[in-house]
Amino acid sequence: MHTPLMPIPGHTDPVAVPRPGLVDGVTPREDGRIDLIGLPKQRIVELFAQAGLDAKAAKLRAKQVYHWLYHRGVTEFEAMTDIAKTMRPWLAERFVIGRPEIVEAQVSTDGTRKWLLRTADKHDFEMVFIPDADRGTLCVSSQVGCTLNCRFCHTGTMRLVRNLTPGEIVGQVMLARDSLGEWPKSASDTRIGTMAGLDFDDDDTEAASAYTPDGRLLTNIVMMGMGEPLYNFDNVRDALKLVMDGEGLALSKRRITLSTSGVVPMMARAGEEIGVNLAVSLHAVTKDVRDEIVPINRKYGIEELLQACADYPGASNARRITFEYVMLKDKNDSDDDARELIRLIKQYKLPAKVNLIPFNPWDGAAYECSSPERIKRFAEIVFDAGISAPVRTPRGRDIDAACGQLKTAAEKKSRAELDRLAEEKLAALG
Ligand code: SAH
Ligand code: SF4
């Protein structure tokens, strides 16, 4: 059997370099190199060993490379100054430090930014950054398309093309840091800052952080872009682990929110294995209406969903579950709906907050947004029952940047096509 040899510094192999082989969860590249982004440290150790380093060197190099990749955000091996100069080309021959390709970047008049991104195998998806007074939120995609078909959601009109890999998910956060210029500039500046002086929490990672004087723009992440994160559980978990790792991107789990349409069987695992904040796309309080607008409700009903919320590990008054509620005219916006919402939240004793989201219309959508007065009244009723119910201000409308409504990658479809697709997706739901 061929035993891989240690590379000789400066020596160029006359034969093709041994390829470490296809790696699970990594999109294969035409040049055969392996993209390290998305891989945990242990996997990098294994790949370095397979490529010829002895066990000790593989471990040391992986530790160094991991730090440069995830903590310092470098995109070239040449920039890894504590790795021997002769070693850097050896790495570059076998590995790459990938980022999703940027097809288009737009900035809204309100500061919201949207990127159309492309995977190495040429599938497009989107990412949005929403700056606010006290935070900056990155809306991250988990899939290209979606298997579900919520009737008010534009992504629901697309077929699922494929799950995004951990690298493509964490790569979005890394790309945002690239674009915002938010990587630590030097080794002494490697701690993660956030908006200076604002409400940072007592999580270990952040408590140990020295806040940068000017503050960071990207402080929060929401898994609310394209796709249903709990139908791509492993990849979302692996990506978020890199985001939360104190030696990696080091963003506190308290600043990350995962939004689900209600994939009940995966919710407990999400709490246990990821442990971020939970948002649930409730959108309706009766079976009839929820069956229509969030069809996964036919599989996992409201009671089951709310019970899973009550059981969600880590939910407490300090860490409330967010219920998303899109305001659809004459569909789910009556006073009775508001009262039923309160009753359900109280029945399941949920530490909850309700986000009222004005419906963001798109061509071919079968709904209209509720009037501002209706939304205000609905919010008052919920608020008067002691439940926080902020109305979300639409952001980046001029560039179609609303979370859950990312549409550049989807083609326009006729009503008949939309109905056919809905039928198909329903049948697949079982
Ligand atoms: N699949 C997950 C996460 C992505 S959708 C989920 O459904 O929760 C993120 C949020 O955007 C969801 O609450 C979704 O219902 C909402 N959304 C989708 N389309 C919208 C639209 N046209 N207007 C307003 N909110 C929308
Ligand atoms: Fe998919 Fe979420 Fe859109 Fe529903 S709202 S179709 S689950 S992305």
Inset, instruction - Would you confirm whether the ring centroid of F152 sits within less than 6.0 angstrom of the ring centroid of H283? - result: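 Yes, the ring of H283 comes within the 6.0 Å limit of the ring of F152, centre to centre.
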Inset, instruction - List in chain and number order the residues that pass side-chain contact (heavy atoms from CB on, under 4.5 Å) with E423, two or more places apart in sequence or in another chain; answer none if no residue qualifies. - result: none
Under 3.5 Å, side-chain donor or acceptor atoms of residues 256-265 against the rest of the protein: list the pairs with distances, not counting sequence neighbours.
| unit_1 | atom_1 | unit_2 | atom_2 | d |
| --- | --- | --- | --- | --- |
| S259 | OG | E324 | OE1 | 2.9 |
| S259 | OG | E324 | OE2 | 3.4 |
| T260 | OG1 | E228 | OE1 | 3.4 |
| T260 | OG1 | E228 | OE2 | 2.9 |
| T260 | OG1 | G262 | N | 3.0 |
| T260 | OG1 | V263 | N | 3.3 |
| S261 | OG | E228 | OE1 | 2.9 |

Are [X] and [Y] close enough for a salt bridge, meaning some N to O gap below 4.0 Å?
X	Y	answer
R29	D35	no
K241	E273	no
D333	K329	no
R237	D234	yes
E380	K376	yes

pair [X]-[Y]: side-chain heavy atoms closer than 4.5 Å:
X	Y	answer
M174	I37	yes
Y70	V243	no
D124	V144	no
E247	K41	yes
P131	T112	yes

Inset, instruction - Kindly confirm or rule out a cation-pi arrangement of R177 over W183, judged by NZ or CZ under 6.0 Å from the six-membered ring centre and within 45° of its axis? - result: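 Yes, R177 lies over the aromatic ring of W183.
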Inset, instruction - Report the residues that fulfil ring pair (Phe, Tyr, Trp, His ring centres under 6.0 Å) with F323, sequence neighbours left out, ordered by chain and then residue number. - result: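 Testing F323 for ring pair (Phe, Tyr, Trp, His ring centres under 6.0 Å), a comparison that skips the adjacent residues, returns none.
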Inset, instruction - Report the residue from K331, R151, K287 that forms a salt bridge (charged side-chain N to carboxylate O under 4.0 Å, His left out) with E292. - result: K331
Inset, instruction - Assess the side chains of N163 and Q143: does a donor N or O sit below 3.5 Å from an acceptor N or O? - result: yes
